[in-house]
There are 2 protein chains.
Amino acid sequence: MALYGERGYEQTTVAQIAERAGLTKRTFFRYFADKREVLFWGAELLERQMVGAIEATPESASALGMIGAALEAAAARFEEFREFAVPRHRIIAASRELQERELIKGVSMIAAMTSALRARGLGDTTADLAAHLCVTVMQVAFRQWVDDPEPRAFQQVADEVLAQLRELACAG
Amino acid sequence: MALYGERGYEQTTVAQIAERAGLTKRTFFRYFADKREVLFWGAELLERQMVGAIEATPESASALGMIGAALEAAAARFEEFREFAVPRHRIIAASRELQERELIKGVSMIAAMTSALRARGLGDTTADLAAHLCVTVMQVAFRQWVDDPEPRAFQQVADEVLAQLRELACAG
DNA sequence: CATACTGATGACACCAAGTGACATCGGCTA
DNA sequence: TAGCCGATGTCACTTGGTGTCATCAGTATG
C-alpha cells in the first residue's frame, strides 16, 4: 500500500513490491492471485461479519431489520480500521482496475447476504433486493463518510442514507 | 463473440481474434482499449438512452417516475437486442474478468443518471440513491429475464421487481 | 499530372502480469 | 543420519498491451 500510495497503482510493478518486501515476484503471486488482491485482504472478513450479523438477528426481525444489523457490523469494522480504510479508499478511487476489483467483492457480499436472507425465510427476489440495498447503502454511506471534512460516525451516516432511501422508495 | 463462445473468454487470445477478423493484434488494440471491451460496444448507448429518458420526463414527475422512465428505455433496448443480449450475458457470466468490466459500466451509468437526476432538482444523496436503485432493479430484473425458461417482457419483470423493492423498503 | 498530406494499418521491439517446472534450503520427524 | 515437506528462488515462457516507425491508399492542391 505504501508503494501504491507513492507512485500510484499502475506505476508500481510487482517486482518493486516484491523487492521492498524482500521477496521474489514469484512468491508474491503465490500469496496473491494478482496485483490488485493485495489491497483486499480482509474483505472476506467484512463479508462474514455482515452475514453473521444477519444470522444473529432475532427470529422476529424484518428484512429491514436484518439489513440494519448487517450495516451495524460494517460500521463497527469501518470504525476499527478508519485510519487504514481512508488512504486505501483513495488509492482504489484513483484506479479503474482497482475499482473493478472492489465492485466484484461487492457482488460477492451480495451473494452471501442473499443466501443468508433466504435462509431466514425471505423470498428469492426479496432476498436479492435486500442484499443489493444493503450494499448500496453501505457504499453510498462509505463515500460520504470518507469525504466528510469533519469526522462523523459511520453508523450515523448509514442511518441517514437508509432513511433517505426509504423516503425515496415509499413516496407516492 | 463467436470465439469467446467457442473456447471461452480466457482461452481465446487477441491474436486469434485479430486473425479471424483479418487484422493485426495492434489494430485490435487501436479500436478496443482492452480484450474485454469488445463485448461492451453499445454500452454508452444504453446509458445515454436511460439518461435521455430521465431528462424527457415531465416536470411533475417524481423520483420513482424518473426511475421508471429510465427502466422503460432499458426495456426497449433489451427487447431489441434480445437474441444478442442472452448469449453475451452467458459469456460474461462465465468470466470474472468480464463481470468486473460489466460492473464498472454499471457505476458509469449510476454516475450519469445521478447527475441527470440532480439536474432535475433531486438532492445529492437522493439522486445517488435513486440511480443506484434503478441500476439494481435493472440488474436483478435482467438476470431473471435471461434465466426465465419461458420468455416474458423485460418491462413486466422490471415492474415486478420494482414493486417488490418498494414493498421491502416501505415495510414497518 | 505530380506532389504533398492524411488516416488507417502493418511490423517490430518492448514491458509487465501471470504461470509452470524444477531446484534449493531449512526445519522436522523416523 | 536419512528422508520428508513446505516455502522460496530461478528460469523460461505466454499473453495483454504500448510506443515507434514504415507503408500504403485515397484525396486535396498546385
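Each chain gets a letter, A, B and so on, in the order the sequences are listed, and its residues count up from 1.
Contact between A:L98 and A:F40 at its shortest, heavy atoms only, is O-CZ, 3.7 Å.
In this structure, A:F84 and A:F81 have perpendicular ring planes: the angle between them is above 60°, well past the 30° mark.
Residues satisfying the side chain to side chain contact (heavy atoms under 4.5 Å, CB included) test with A:E72, not counting sequence neighbours, are A:Q155. Applying the side chain to side chain donor-acceptor pair (under 3.5 Å) rule to B:D124 yields no partners; only residues at least two apart in sequence or on another chain are considered. Partners of A:V146 by side chain to side chain contact (heavy atoms under 4.5 Å, CB included), not counting sequence neighbours, listed by chain and number: A:V86, A:H89, A:R90, A:F142.
Looking at heavy-atom distances under 4.0 Å, A:T27 makes contact with sugar-phosphate atoms alone, never a base.
You can see that DNA chain C meets the heavy atoms of chain A within a 4.0 Å-exclusive cut from C:dA17 to C:dA21, reading 5' to 3'.
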Atom pairs and distances, side-chain donor-acceptor, residues 16-23 of chain B, under 3.5 Å, sequence neighbours left out:
unit_1: B:Q16; atom_1: OE1; unit_2: B:R7; atom_2: NH1; d: 3.3
unit_1: B:Q16; atom_1: OE1; unit_2: B:T13; atom_2: N; d: 3.0
unit_1: B:R20; atom_1: NH1; unit_2: B:E6; atom_2: OE2; d: 3.3

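Between the CD atom of B:Q16 and the P atom of D:dT15 there is a distance of 8 Å, rounded to whole Å.
A salt bridge does not link A:R96 with B:E100: every distance from a Lys NZ or Arg NE/NH1/NH2 to an Asp or Glu carboxylate oxygen is 4.0 Å or more.
Between A:Y31 and D:dT8, a side-chain N or O to OP1/OP2 separation shorter than 4.0 Å is present.
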For nucleotides 17-21 of chain D, give me every protein contact, N/O to N/O, under 3.5 Å, one pair per line with atom names.
unit_1: D:dG17; atom_1: OP2; unit_2: B:K35; atom_2: N; d: 2.7
unit_1: D:dG17; atom_1: N7; unit_2: B:K25; atom_2: NZ; d: 3.1
unit_1: D:dG17; atom_1: O6; unit_2: B:K25; atom_2: NZ; d: 3.0
unit_1: D:dG19; atom_1: N7; unit_2: B:R26; atom_2: NE; d: 3.4
unit_1: D:dG19; atom_1: N7; unit_2: B:R26; atom_2: NH2; d: 3.0
unit_1: D:dG19; atom_1: O6; unit_2: B:R26; atom_2: NE; d: 2.7

